[in-house]
Amino acid sequence: MMLKKQIFINGIFVDSRSDQYDSILSPATGEVIAQAPACTPEDIDAAVQAAGVAFKTWRHTTPGERSTALLKLADRIEAHAEELAVLETQNVGLPIQFSTHLIEFIVDNIRFFASAARMLQGPVAGEYMAQHNSMLRREPLGVIGSIAPWNFPLAMAVWKIGPAIAAGNTVVLKPSELTPLTALKLAELSVGILPPGVLNIVTGQGTVAGAELVRHPEVKMAALTGSVRAGKSIAREAADSMKKLHLELGGKAPFIVFDDAKLEDAAFWAMAGGFYNSGQDCTAATRIYIQESIYEEFIHKLISFVEGTAVGDPMLPDTLVGPVISEAHLHKIDEMVQRAVNSGCTILTGGKRLDRAGFFYQPTVIAGAQQSDEIIQEEVFGPVITVTPFKTDDEAIQMANDCKYGLASSVWTKNLDRAMRASRELEFGEVWTNAHLSLVSEMPHGGHKMSGYGSDLSVYALEEYTRLKHVMMKFE
Ligand code: NAD
């Protein structure tokens, strides 16, 4: 692998104007595996200009032409799936079995966006005023500034790039400064399929390169997947130019286990949903609420699953939990765990860094937290879950909703009434029954409350990247 990376503008890799580079680490070893430019405002401007020129032609392509290009891109990604999965695992620490599966999902996502491009409709209108014919045009917006996080770098990038390009926009993407490698590889794979300038990739820090992208007057919409902090900052920055926004932010998913649930399944999924990607997942099952009468039995099963989890080298095929992204993030996680203990919580298992190279933290289960505690209310974004008993259904729903985030949630029950009632009452963009983490290309993924607004995936994501125009024609 070439150590010093270039950025991708107008269909080719070029040097950044910057002489500053961000070190890209392998979280499993702590070693530097690449360096990526800390892009300057001039780099961002060059990328936006290229995207602006490309938009003049790309906006007039037919849905069929864009669909064909995206299908070719999906095929090329599929042909490089193994390479991409290894790169993602090296840079993020997501165990290879999950990276491999994720690349398959990404290919499916792009094929879905390719199909959906041909199905986008403005409802055909009619004569709402006598002798005036109305119709709707659904049009692309222009240059989209997309900003991705480090937890699932390629998937999050594709969820932004795919619908934007399918709808006829052009894109400048800034991946996370910690994990730019698969996005740069995607750029390489797009050569010869997407015309120059349709997809551009810049790298660098959020507050410099990211903020500049959001600020740029030629960027018509800013799309972020990231933290609430970054979302607020981007919303403020975008206000001056009245940019459209799409914000997929943090989460703190409740996982409610009722007394009639299949306990074995629920306990397994509390572990799998809580520790997938070391808990660095916006939909991670972080707050486990368990009905009092089954609490002890459930905890026993849960702890045995957690303590049986294979933690270690993410490149090994059986590893289920790898490292967390960085030394700084590991400290943040540990500090939150220590504060929970200091405020009276009990660690049922885990609670320590693993004694090995890299950034490994033990899968951790915490009991005894009060609803108002930081460990219940704030995103840890690490391998840490809480367990809390409840008495009644109403109490469980109330505790689940008592949190600023509203991204994902799940309930575990065999009772249809309970499931239906919970799906009505829970204030989350996603409510699963007897499942957690499951996503499909056809259905929207997006948050309520402080988890943001706008949808990724599904035809609704394509609509996000368009604007409506009413065309009215008078006739005699
Ligand atoms: P982050 O907010 O620190 O960074 C996300 C991206 O935004 C990075 O590319 C960063 O460089 C950029 N950025 C940061 N500040 C910026 C600013 N002021 N202006 C412009 N760009 C800025 O988030 P992260 O730590 O990379 O990712 C973890 C967060 O992402 C968690 O909160 C997680 O819940 C969230 N997330 C949400 C979803 C979802 O679908 N809702 C999916 C994945 C991750």
Side-chain angles (χ1 to χ4, degrees), residues 1-48 50 80 82-94 96 99 145-158 161 171-191 199-213 225-227 230 277 280 313-315 322-332 357-360:
M1 188 194 313
M2 191 178 92
L3 199 61
K4 277 203 167 166
K5 293 289 170 189
Q6 294 179 299
I7 51 178
F8 186 73
I9 297 180
N10 208 24
I12 52 169
F13 282 95
V14 293
D15 285 332
S16 158
R17 274 83 168 162
S18 172
D19 54 3
Q20 304 292 310
Y21 283 78
D22 292 314
S23 290
I24 311 302
L25 306 184
S26 153
T29 63
E31 285 163 6
V32 177
I33 52 174
Q35 294 196 308
C39 282
T40 64
E42 291 73 30
D43 293 321
I44 306 302
D45 184 55
V48 173
H80 290 78
E82 199 181 328
E83 189 185 347
L84 284 163
V86 168
L87 202 54
E88 200 76 312
T89 290
Q90 281 173 343
N91 196 178
V92 183
L94 177 67
I96 189 71
S99 297
S146 298
I147 301 179
W150 49 258
N151 61 336
F152 300 108
L154 190 61
M156 297 303 101
V158 161
I161 295 166
V171 175
V172 177
L173 168 79
K174 191 201 82 65
S176 165
E177 55 274 32
L178 302 175
T179 57
L181 301 185
T182 44
L184 291 169
K185 183 71 196 174
L186 175 69
E188 190 186 316
L189 297 178
S190 75
V191 173
L199 173 65
N200 307 273
I201 313 274
V202 292
T203 54
Q205 299 288 328
T207 47
V208 183
E212 189 61 29
L213 183 57
T225 300
S227 60
N277 200 12
Q280 302 167 121
D313 181 352
M315 287 306 295
V324 299
I325 190 70
S326 66
E327 184 71 34
H329 192 53
L330 189 142
H331 277 130
K332 186 199 141 205
F359 317 127
F360 290 84

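All values derive from a computational prediction rather than experimental measurement. Sequence positions, counted from 1, serve as the residue numbers for this chain.
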Which distance, rounded to the nearest 0.5 Å, do you find between the [atom1] of [X] and the [atom2] of [Y]?
| X | Y | atom1 | atom2 | answer |
| --- | --- | --- | --- | --- |
| Gln90 | Thr179 | CD | OG1 | 13.5 Å |
| Ser99 | Met315 | OG | CE | 8.5 Å |
| Thr203 | Gln6 | OG1 | CD | 10.5 Å |
| Ile44 | Asn200 | CD1 | CG | 10.5 Å |
| Ile24 | Trp150 | CD1 | CH2 | 14.0 Å |
| Leu189 | Leu184 | CG | CG | 11.0 Å |

Evaluate the side-chain proximity of [Y] to [X]: yes if any heavy-atom separation is below 4.5 Å, no if none is.
| X | Y | value |
| --- | --- | --- |
| Ile33 | Leu181 | yes |
| Thr182 | Asn91 | no |
| Leu186 | Ile201 | no |
| Pro37 | Asp43 | no |
| Leu25 | Ser326 | no |

### Message
Which residues pass the salt bridge (Lys or Arg N to Asp or Glu O under 4.0 Å) test with Glu188, not counting sequence neighbours?
### Response
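Here the qualifying residues are Lys185.
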### Query
Mind checking what makes salt bridge (Lys or Arg N to Asp or Glu O under 4.0 Å) contact with Glu212, not counting sequence neighbours?
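In terms of salt bridge (Lys or Arg N to Asp or Glu O under 4.0 Å), with neighbours along the sequence ignored, Glu212 is linked to Arg215.
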Is it true that a side-chain atom of [X] and a backbone atom of [Y] form a donor plus acceptor pair closer than 3.5 Å?
| X | Y | result |
| --- | --- | --- |
| Ser18 | Ala38 | yes |
| Glu83 | His80 | no |
| Glu42 | Arg17 | no |
| Asn151 | Val92 | no |
| Ser190 | Ala187 | yes |
| Gln280 | Ile325 | yes |
| Thr89 | Leu94 | yes |

### Query
Just wondering, more than 12 heavy atoms not from Glu82 lying within 6.0 Å of its CD?
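Open: at most 12 neighbouring heavy atoms sit under 6.0 Å from CD of Glu82.
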Looking only at heavy atoms, which two atoms of [X] and [Y] are closest? And how far apart?
| X | Y | value |
| --- | --- | --- |
| Cys39 | Ala209 | O-CB, 4.1 Å |
| Ile9 | Ala50 | CG2-CB, 3.9 Å |
| Ser16 | Ile7 | CA-CD1, 4.1 Å |
| Pro314 | Ala28 | CD-CB, 3.6 Å |

### Query
Got a sec, which residues hit ring pair (Phe, Tyr, Trp, His ring centres under 6.0 Å) with Phe360, two or more places apart in sequence or on another chain?
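Per chain and number, Phe360 pairs via ring pair (Phe, Tyr, Trp, His ring centres under 6.0 Å) with no residue.
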### Message
Please verify the inter-ring angle class for Phe8 with Phe13; under 30° counts as parallel, over 60° as perpendicular, anything in between as tilted.
### Response
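Tilted: the ring planes of Phe8 and Phe13 meet at 30° to 60°.
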